[in-house]
2 protein chains.
Amino acid sequence: MKKPRLSESQEDYLKEIFKLRELNETVSMQDLARKLDVRPPSVTGMIKKLCAMNLVEHEPYKGVQLTETGEKIALEVLRHHRLLELYLARHLNYSWDEIHEEAERLEHVISEKFEAAIADLMDHPTHDPHGDPIPTAELEIPDSPSLVPLPSLKAAKSIVIGRVMTQDKDILSLLFRLDLTPGQEIELIKNEAAGIRVRVNGSQYLVPQTIARLIWCENTET
Amino acid sequence: MKKPRLSESQEDYLKEIFKLRELNETVSMQDLARKLDVRPPSVTGMIKKLCAMNLVEHEPYKGVQLTETGEKIALEVLRHHRLLELYLARHLNYSWDEIHEEAERLEHVISEKFEAAIADLMDHPTHDPHGDPIPTAELEIPDSPSLVPLPSLKAAKSIVIGRVMTQDKDILSLLFRLDLTPGQEIELIKNEAAGIRVRVNGSQYLVPQTIARLIWCENTET
DNA sequence: ATTATTATTTAGTCATGACTAATATAATTA
DNA sequence: TAATTATATTAGTCATGACTAAATAATAAT
């Protein structure tokens, strides 16, 4: 079995299919075009190629899916990305909103050796700074606490943030400044129409619904 | 003035022209083809393009030269490369013969931020693990001690290695195992036809001429 | 000075991975 | 069911950066 080394583009396609698949039931060509910032015909072309390589399967109008091999590759890229994000934040003093872009470029070029080295250095972490799970070296996805969006919770004294579902730099830097970060314990005071009133480290904020929806928390009920 | 962002190929061409220029008086298309591992017509094509961008100048049959802008870019890439090599060796436990390849890929994708971060972390080093000078952030080449090849020296008690002029993995790993590394102090016992007899950390070796020529040392004689 | 050799360039091809414009197919709504 | 809208695909183009084969220019040797 040969290992033909994929292009960065191809890796990005696989990664994006994987990420979209986690959210939506089905992944359309358009979804991909949007996320990858290319035009639909480009997607058609690339998906054709990936099909021929047995990395994805495609039923027109029904969606794209990764094959087992395709998923392995996606997970490898995702592992690189998330390890890198954590590494940049922890060891190179990157701020939260800077890590994504850099990781996006580095993920395609680091070797197995590099991956292993930073994983070692960080003691084989299971989640990145956004709370996203980091696939293990064996490409399994580690267990995460079951999470729900902040707006779906009722007022409660102690809620722990698990994950922030955005890569938008402005939002990230805002959340970072307010300490609305994974691991942080907050108090949900009241769920209002305009937003969610929370207390974090003694300070009180009204978090707009749009932003609150991006904050997923450990499910305290039941 | 626009900054058109060069391709990795283009950066490699500029870097290689710079490095060749340090050794030879003149840089031919063939030299470039050899070093870059491409065929001469490819070089012609690319040089043409770089000329149009005002990054190099080319007198057919007389050689290629960097313009000021071209040199700046070459130095930037070189700075990335050498900082990375040192960083990989120091912080990620890379062995000497592994750093080059990884740096070769990373040098094109790291940001200014990344460059600054690792430079800071290492206290703005002036030389990489091979003894090659690391251009400063302002893209000046730092002073190096004046060096001469090991075979040109006479027997002497205390000689300090300054630089090893190879990227061959086997040779590097050999030199590393024998402690024939920049900064190391050695005794030159005798310059024989077959090689150079040296003592390093108490052990005695006969270093073949081919290899000895790659080892440059601080010039002890006036 | 002519010939041989080496260096360089032209001309033309190929693969990648984007693009636009136009078309076809499916899903949705009237 | 037909019309409309959304989705996907063809067909054809372009830029990049490699390649081969053939031609041309410079240098070295006889």
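Quick note on labels: first sequence line is chain A, next is B, and so on, each numbered from 1.
Contact annotation: A/His58 side-chain N/O to D/dT7 OP1/OP2 distance is not under 4.0 Å. Residue A/Thr44 has no polar side-chain atom (N or O) positioned under 4.0 Å from OP1 or OP2 of D/dT10. Within the 4.0 Å cut-off from OP1 or OP2 of D/dA18, at least one side-chain nitrogen or oxygen of B/Tyr13 is found. Contact between the side-chain N/O atoms of B/Lys49 and the OP1/OP2 oxygens of D/dT16 is not found at any separation under 4.0 Å. Dashed line: the shortest gap from a side-chain N or O of B/Ser42 to OP1 or OP2 of D/dC19 is under 4.0 Å. In this structure, B/Gln10 reaches the D/dG17 phosphate: one of its side-chain N or O atoms is under 4.0 Å from OP1 or OP2. Between B/Ser7 and D/dG17 there is a side-chain polar atom (N or O) within less than 4.0 angstrom of OP1 or OP2.
Atom NZ in B/Lys48 sits about 11 Å away from atom C1' in C/dT8, given to the nearest Å. Atom pair B/Lys62:NZ and C/dT8:C1' shows a separation of 16 Å (rounding to whole Å applied). Protein atom CG of B/Leu6 is 10 Å distant from nucleotide atom P of D/dG17, rounded to whole Å. One atom, CD1 of A/Ile47, and another, C1' of D/dA8, lie 12 Å apart when rounded to the nearest Å. The distance from atom CD of B/Glu59 to atom C1' of D/dT27 is 17 Å, rounded to the nearest whole Å. For A/Glu8 and D/dG17, the CD to P distance is 14 Å, given to the nearest whole Å.
For A/Glu192, the salt bridge (Lys or Arg N to Asp or Glu O under 4.0 Å) criterion is met by A/Arg197, not counting sequence neighbours.
Here C/dG17 is the nucleotide among C/dG17, D/dC19, D/dG17 with the atom lying nearest to any side-chain atom of A/Met46.
Checking side-chain atoms of B/Ser28 against main-chain N and O of B/Lys62 turns up no donor-acceptor pair under 3.5 Å. Of the possible polar contacts, none joining the A/Gln209 side chain to the A/Pro151 backbone as a donor-acceptor pair under 3.5 Å is found. Although no hydrogens or angles enter the test, the distance criterion places a donor-acceptor pair under 3.5 Å between the side chain of B/Gln10 and the main chain of B/Ser7.
For the pair A/Pro60 and A/Pro40, both in contact range of DNA chain C, the more 5′-proximal nearest nucleotide belongs to A/Pro40. Across the interface with DNA chain D, nearest-nucleotide mapping of A/Tyr61 and A/Pro41 shows A/Tyr61 to be the residue nearer the 5′ end.
Among B/Leu66, B/Leu6, B/Leu55, B/Val38, the one residue that satisfies the side chain to side chain contact (heavy atoms under 4.5 Å, CB included) test with B/Tyr13 is B/Val38.
Crowding of A/Lys35 atom NZ: a count of heavy atoms from other residues, nucleotides or ligands under 6.0 Å not exceeding 12.
With hydrogens and angles left out, the side-chain atoms of B/Glu107 and B/His81 include a donor and acceptor closer than 3.5 Å.
Among the heavy atoms of the strands lying under 4.0 Å from B/Ser9 are primed sugar atoms or P, OP1, OP2 only; no base atom is included.
Scanning residues 28-39 of chain A for heavy-atom distances under 4.0 Å to DNA chain D yields A/Ser28, A/Met29, A/Gln30.
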